[in-house]
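Just so it is clear: chains get the letters A, B, ... in the order the sequence lines come, proteins before strands, and each one is counted from 1.
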Amino acid sequence: MRLFDTLSREIRELKPREGDTYRFYCCGPTVYGPAHIGNFRTFVLQDVFRRTLEICGLKTFHVRNLTDVDDKTIRDSQAAGKTLTDFTEYWTKKFHKDCDSLNNLPPHKEPSAVGHIPQQVAMIEELVEKGHAYRSDDGSVYFSVSSFPTYGKLSRLDQRELKTGASGAITDDEYEKDSVADFALWKGRREEDGENYWESPWGQGRPGWHLECSAMCREYLGESFDLHSGGVDLVFPHHENEIAQSEACTGASMADHWFHTTHLLVDGGKMSKSAKNFYTLADIEKAGFTASELRYVLISAHYRQPLNFVARDAEGNESFPALQGARQALQRIAKFEKSLKDAAGETPEFSYEDAISLTDRGSFEDAIQALADDLNTPEAFGRIFSAMKAIKPGDLKPEEALREWKGLHTALEAMGIELPAEEEKSEAPPEIAEKAEQRWKAKQDKDWATADRLRDEVLEAGWEIKDTKEGYELCSKN
RNA sequence: GGCGAGGUAGCCAAGUGGUAAGGCCGGGCUCUGCAAAAGCUCUAUCGCGGGUUCGAUUCCCGCCCUCGCCUCCA
C-alpha cells in the first residue's frame with residue numbers, strides 16, 4: 001500500500017518497521033460533547049486506512065487516544081455539575097456508539113490521558129533533565145522550542161512567519177513562558193480547575209494536551225513506530241509539538257509516516273454552530289438517514305481533498321441531497337448484490353475476516369487497488385460501479401457469480417460499507433393489504449379506473465404497490 | 001501578512017501531456033394497461049489570461065475566487 005506522507009510530502013510505500021504488523025497511532029476525540037461529522041470524516045478515513053492495510057495482507061496495531069482532561073472537559077464538566085470522570089465517560093460512550101453505528105473497527109488500544117499521568121510526568125522529568133523544559137513561577141512546565149533545532153519540520157515552520165496570536169487564542173497573562181513558541185507540558189493548578197489536579201514534582205497541576213499523545217505513543221508503540229495520523233489542523237501545533245517532545249526525549253525518530261485528512265466543509269463553508277450547519281450523527285439520523293449513508297458520503301472524496309457536504313438543496317432547504325444520493329447509490333449496489341446472490345444460488349456467510357483472507361477478488365480487484373494507491377476511495381467507488389456495469393449476473397455460472405459476489409463484498413468491507421437491508425414487503429395493516437388485494441382484482445378485470453384509484457388510496461396511506469412478474473409487492477414509503 | 005489546499009457537467013467527485021472515471025438529479029428508450037421498479041442510453045472541453053509543446057484540462061508564469069492553518073479545532 002502507498003500513502004502520502006505529510007513530512008516528506010511524497011507518496012510512499014508503507015512497510016512495517018517490525019515483522020508484518022503495521023503499528024500506528026491516531027489522535028482521538030476530546031470527549032466533552034458529541035463528535036461532529038467533520039470529526040468522523042477523519043475517524044472513518046482512518047478506519048478505511050486500517051481495513052485496506054489488513055486486506056492488503058498486513059496485520060495492524062491501532063492505537064487511538066481519548067483526551068479526557070483539558071480546558072474544555074474541565075470547564076464543561078463543571079458547568080454540567082459532574083465530576084470530570086463521569087462527564088468524560090458519558091461522552092466516551094456516545095463516541096463509541098457513533099463509531100459503532102458508522103461501522104468503524106475499534107482500535108486495539110484506546111488509552112486516555114487521565115489514565116497515563118505517571119507516564120506523562122516521567123516524560124516531563126526526562127525533558128527537564130535533558131534541558132528541553134523549564135518550570136515557571138506558577139508551577140507550569142514548558143517545552144523550550146529553542147532547544148530543539150528541527151522544530152517545525154512537519155509544518156515547515158522554518159519557512160513561515162508566525163503571526164503571533166493570529167488565532168486570537170493567546171492570553172499570555174495566563175501562564176508565564178519564556179517564548180511565545182514554547183508550549184505547556186504541565187499546567188500548574190489554577191483555581192478554576194477545581195478538584196481536577198494531580199501531584200507532580202513541580203506541584204499540583206495537570207498535563208498539557210500535546211504531551212499525552214507523546215507519552216501514550218511511547219507506552220504502546222515504543223520510541224519509533226510506523227505511522228501517526230490526525231486531521232490537518234493537528235499538523236500545527238499538535239503534531240509538531242509531539243515530535244519535539246518525543247524526539248527530544250528519546251533521540252529517536254517518532255513516526256515513519258504522517259497521515260493527515262483534510263477538513264469537511266458544509267455547503268462550501270466551514271462548519272460552525274453559529275452558521276447552523278453543524279451536524280452530529282444524531283442530527284443525520286433525526287433527519288431520517290443512516291450512519292451507513294453518512295459513511296458513504298464521508299469517503300466519497302479523496303482524503304486530501306476538501307469534502308463538500310451538501311446539506312441544503314438549491315432552494316435552501318435542509319434536505320441533505322448528498323445523503324439522498326448516497327441512499328440511491330447504496331440501494332443500487334444492494335440490488336446488484338442481490339442479483340449476484342441469486343445467480344450464485346447459495347452464498348456463504350462472509351465476514352470481514354473472510355474478506356481479509358480472500359485473494360481472488362474477481363472484477364473488484366481494481367477497486368481494492370485504488371484503495372491501496374493512496375487510499376483513493378472515490379476511484380474505488382468508480383471502479384465498483386464500472387465493474388457492476390460490466391457484469392451481467394444473469395449470464396454468469398453459479399461459481400462465477402459467487403466469485404464476483406465475494407469480490408464485491410471484499411471491496412465493500414475494505415471501505416466498511418454496509419448495504420441497506422431489503423425493503424420490508426409485508427407487515428402492511430389489514431385494511432391496506434385488503435385494498436391492495438382489491439386493486440389487484442380490479443386490475444385482473446382490466447378495470448383500470450378502480451385499480452388506479454385504489455393504488456392512489458394505498459399510496460396516500462403510505463404504502464406503494466409495485467407490480468412484479470408474479471403479482472405485486474407492498475412497500476412502506478417510510 | 002506568511003504557509004498550505006483547491007477551483008472539472010445542475011450537484012458531488014476521480015483522472016490524464018494526446019482531446020475527460022463514477023455517483024446523484026434530469027432527458028430519451030425498452031418493458032408495462034398506466035405507474036412504480038428494473039435495464040439501456042444521453043448530457044462537460046476541465047476558473048481567467050499568457051507561455052512551453054506537434055499537442056495542455058494535465059507543465060510554467062500572472063490574475064481572480066474559495067477553503068484551511070498561523071499555539072490547545074478532526
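Rounded to whole Å, the C1' atom of B:G7 lies 31 Å from the corresponding atom of B:U41. Rounded to a whole angstrom, the distance from the P atom of B:C73 to that of B:G68 is 16 Å. Nucleotides B:C42 and B:A5 have their P atoms positioned 37 Å apart, rounded to a whole Å. Comparing the C1' positions of B:U45 and B:A35 gives a spacing of 39 Å, expressed to the nearest Å. Rounded to the nearest Å, the gap between the C1' atom of B:U32 and that of B:A21 is 33 Å. Nucleotides B:A56 and B:U19 are separated by 12 Å at their P atoms, to the nearest Å. Taking atom C1' on both B:A9 and B:G26, the two are 12 Å apart, rounded to the nearest angstrom. A gap of 16 Å separates the P atoms of B:G47 and B:U16, to the nearest Å.
Of the candidate nucleotides B:A74, B:A13, B:C11, B:C11 has the atom lying nearest to any side-chain atom of A:V310. When the nucleotides B:A37, B:G33, B:A74 are ranked by their closest atom to the side chain of A:D233, B:A74 comes out on top. When distances run from any side-chain atom of A:P237 to the nucleotides B:G68, B:U71, B:G33, the shortest one goes to B:U71. For A:K270, the side-chain atoms get nearest to B:C69 when compared with the rest of B:G33, B:C69, B:A5.
In this structure, A:K335 does not reach the B:A37 phosphate: none of its side-chain N or O atoms is under 4.0 Å from OP1 or OP2.
Contacts of A:H263 with the nucleic acid, taken as non-hydrogen atoms under 4.0 Å apart, include base atoms. Contacts of A:L45 with the nucleic acid, taken as non-hydrogen atoms under 4.0 Å apart, are absent. Residue contacts shown for A:G268 are limited to sugar-phosphate atoms, with no base heavy atom under 4.0 Å away. Contacts of A:R312 with the nucleic acid, taken as non-hydrogen atoms under 4.0 Å apart, are absent. Nucleic acid contact class of A:Q305 (heavy atoms, under 4.0 Å, all strands): sugar-phosphate only. Contacts of A:G38 with the nucleic acid, taken as non-hydrogen atoms under 4.0 Å apart, include base atoms. Across all strands shown, A:K392 has heavy atoms under 4.0 Å from sugar-phosphate atoms exclusively, and none from any base. Within 4.0 Å (heavy atoms only), A:N376 reaches sugar-phosphate atoms of the nucleic acid but no base atom. Contact annotation for A:I384: no contact, since no heavy-atom pair falls under 4.0 Å across all strands. Residue A:A322 is classed as having no contact, given no heavy-atom separation below 4.0 Å to the nucleic acid.
Without hydrogens or angle criteria, A:D313 side chain to A:S319 main chain gives no donor-acceptor distance under 3.5 Å. The backbone N or O of A:G28 lies less than 3.5 Å from a partner atom in the side chain of A:N65, making a donor-acceptor pair. Looking at A:D70, its side chain does come within 3.5 Å of a backbone N or O of A:K72 through a donor-acceptor pair. Between the A:E457 side chain and the A:K435 main chain, no donor and acceptor come within less than 3.5 Å of each other. Counting only distance, with no hydrogens or angles, the side chain of A:D98 and the backbone of A:F95 share no donor-acceptor pair below 3.5 Å.
Using bins of under 30°, 30° to 60° and over 60° for the plane-to-plane angle, the ring pair A:F385/A:F381 lands in the tilted bin. Using the six-membered ring where Trp is involved, A:F183 and A:F143 have ring planes that are parallel, under 30° apart on the 30 and 60° scheme. Between A:F49 and A:F259, the angle of the ring planes lies from 30° to 60°, which puts this pair in the tilted group.
The pairing partner recorded for B:U58 is none, the criterion being a Watson-Crick or G-U wobble arrangement whose two distances lie under 3.5 angstrom. Pairing of B:G6, defined by two Watson-Crick or G-U wobble distances under 3.5 Å, is identified with B:C65. Summarising the base pairing, B:A44 is matched to no nucleotide, lacking a Watson-Crick or G-U wobble pair whose two defining distances lie under 3.5 Å. The partner of B:U19 is absent, by the rule that a Watson-Crick or G-U pair needs both atom distances under 3.5 Å. Nucleotide B:G33 is matched to nothing when pairs are restricted to Watson-Crick or G-U wobble geometry with both distances under 3.5 angstrom.
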Checklist entry - With the sugar-phosphate defined as primed atoms, P, OP1 and OP2, and the base as all remaining atoms, what B/S/- string results for nucleotides 19-26 of chain B, 5' to 3', for protein heavy atoms under 4.0 Å? => result --BSSSS-
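The ring of A:H302 does not lie on top of the base of B:A14; it is either too far (5.5 Å or more) or too tilted (30° or more).
Side-chain to base pairing of A:R455 with B:A36: no donor and acceptor N or O lie closer than 3.5 Å to each other.
With rounding to whole Å, A:D456 atom CG is found 13 Å from B:A35 atom P. For the pair A:D70 CG and B:U71 P, the computed distance is 17 Å after rounding to whole Å. Taking atom CD on A:Q245 and atom C1' on B:U71, their separation rounds to 13 Å, with Å as the unit. Note: CG (A:L154) to P (B:C3) measures 17 Å, nearest angstrom. One atom, CZ of A:R9, and another, P of B:C3, lie 12 Å apart when rounded to the nearest Å. For the pair A:D373 CG and B:U16 P, the computed distance is 9 Å after rounding to whole Å. Atom pair A:F309:CZ and B:U66:P shows a separation of 23 Å (rounding to whole Å applied). Nucleotide B:G4 holds its P atom 15 Å from the CZ atom of A:F236, rounded to whole Å.
Here the two rings, on A:H210 and A:H239, have centers that are 6.0 Å apart or farther. The six-membered or imidazole ring of A:F24 lies near that of A:H62, with a centre-to-centre distance under 6.0 Å.
Both A:G269 and A:R439 lie near RNA chain B, and the one whose nearest nucleotide falls closer to the 5' end is A:R439. Comparing A:N308 and A:M388, the nucleotide of RNA chain B nearest to each residue sits closer to the 5' end for A:N308.
Every pair passing salt bridge (charged side-chain N to carboxylate O under 4.0 Å, His left out) that includes a residue from residues 289-306 of chain A is listed here, sequence neighbours excluded: A:D47-A:R295, A:E293-A:R327, A:R304-A:D374.
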